[in-house]
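Sequence lines set the chain letters: A, B, ... in the order given, protein chains first and strands last, and positions in each chain run from 1.
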There are 2 protein chains.
Amino acid sequence: MEKLYSIQEVSQILGISKDTLRYYDRIGIVSPSREENKYRRYSKDDLIDLMNIQIMQYVDFSLDEIRGTLNIRKMDNIDPVYCEEVSAFLDAKNAETRKKIAHLEKVSQLLNIAAETLRNFNIESDRRLAKIVREIYMDIRGGEPKYFKEGCDDHQG
Amino acid sequence: MEKLYSIQEVSQILGISKDTLRYYDRIGIVSPSREENKYRRYSKDDLIDLMNIQIMQYVDFSLDEIRGTLNIRKMDNIDPVYCEEVSAFLDAKNAETRKKIAHLEKVSQLLNIAAETLRNFNIESDRRLAKIVREIYMDIRGGEPKYFKEGCDDHQG
DNA sequence: CTTGACATTGGAGTCAACTCCAATGTTATT
DNA sequence: AATAACATTGGAGTTGACTCCAATGTCAAG
């Protein structure tokens, strides 16, 4: 007979709070079996599902997205069409991730230049800062900033 | 006499909703002057503040953080100690950003391998996937995953 | 039986950054 | 005066992922 885990055991093993586990049950993400006293009993497969959830959350999947992909566990043989769908989904997610990385690289650059400019005011760093702020503002608004001033005022980030 | 802008004008110029502008006023981030009829009147300096807010939000500052840094605008001469504080804050923000980038690079790698594995099951890609999932799980929990299985089941991401 | 540690349910609250809506007032044009 | 487009305020709602809490039941050990 396979070992079943209480909610407290699962919480300790996986570092997921009991309330969160109840929440996942309530919204239908991971629904363990129940004893006669209504206590939840988690199987090893339930624990694997939960671990997959943790990994997918690391990857920034929403719970809705997670709900969609967990279903593949339940299938006896692997449907190639479904695998292709998930694969395409993962590719889209990756494209999104690459975009975020590009955004954060620009942010990092801006923060570098802003910090440097605050420490050491000179024409060159002012110029570099103004340049990147313009680029960023184009990202934000798709146009040139109309009201722009030189000096420390612009160095907020 | 300097031109003052109505809330509708500001909203159109900067692409910030009127309700958001009122919200910023209410929480004390940008508080324009008022006419006798209580209508808000934004100065050019208010607009510059709002543009700085947009840039700082691009950089992922919370409104609380933004509130803290906007004060530098209000000072007649620049206090070097304050500049050093802001500079240090920007450095900390940048370190955070670099961490996020590292995290996202790992995510991107995982998504790549997962998608590839789903498209083309073979020992090599399974192995690579298992390896990176283990690394990620160590990030999440600081330990080895205890209940691990091979196969498509693990390929959720 | 008592006590303490566990469980359950139902339902509301938290968070940050907005967003919506009703009621009311203001302005400018016809 | 009527109308339309603007403004205001106050206050509640939205979002997604939890988190808290009161009331009640269950279990195991002393």
Checking all strands, does [X] fall into the base, sugar-phosphate, or nothing category for heavy-atom contacts under 4.0 angstrom?
X	answer
A/Asp19	base
B/Arg34	sugar-phosphate
A/Gln57	sugar-phosphate

Is it possible for you to say whether B/Val133 and A/Leu47 belong to one hydrophobic cluster, with membership spreading through side-chain heavy-atom contacts below 4.5 Å? yes
Hphob cluster co-occupancy, B/Met56 + A/Ile140, side-chain heavy atoms under 4.5 angstrom: yes
[X] side chain, from C-beta outward: closest of [options]:
X	options	answer
A/Arg40	D/dA7, C/dT8, C/dA17	C/dT8
A/Ile7	C/dA7, C/dC21, D/dT8	C/dA7
A/Arg22	C/dT19, D/dT26, C/dT9	C/dT9
A/Lys38	D/dC18, C/dA7, C/dT9	C/dT9

Round to a whole Å and report the spacing from [atom1] of [X] to [atom2] of [N].
X	N	atom1	atom2	value
B/Asp25	C/dA17	CG	C1'	16 Å
A/Leu63	D/dC18	CG	C1'	9 Å
B/Ile66	C/dA16	CD1	C1'	12 Å
B/Leu21	D/dC6	CG	C1'	15 Å
B/Ile29	C/dC18	CD1	C1'	13 Å
A/Lys18	C/dC6	NZ	P	6 Å
A/Arg41	D/dC27	CZ	C1'	11 Å
B/Tyr23	D/dT14	OH	C1'	13 Å

Check ion pair B/Glu9-B/Lys3 (N to O, under 4.0 angstrom): yes
Looking only at side-chain N and O atoms, does [Y] offer a donor or acceptor that is under 3.5 Å from a partner on [X]?
X	Y	answer
A/Ser33	A/Arg41	no
B/Thr97	B/Asn94	no
A/Ser6	A/Arg40	no

By nearest-nucleotide position on DNA chain C, the 5'-leaning member of B/Asp64 and B/Asn37 is B/Asp64
Quiz item: A/Tyr39 side-chain donor-acceptor pair to D/dG25 base, under 3.5 Å: yes
Does a side-chain N or O from [X] land closer than 4.0 Å to OP1 or OP2 of [N], or not?
X	N	result
B/Tyr24	C/dA17	no
B/Ser6	D/dC6	no
B/Ser17	C/dC18	no
A/Thr20	D/dA17	no

Quick check on DNA chain D: between A/Arg26 and B/Glu9, whose nearest nucleotide comes earlier from the 5' end? B/Glu9
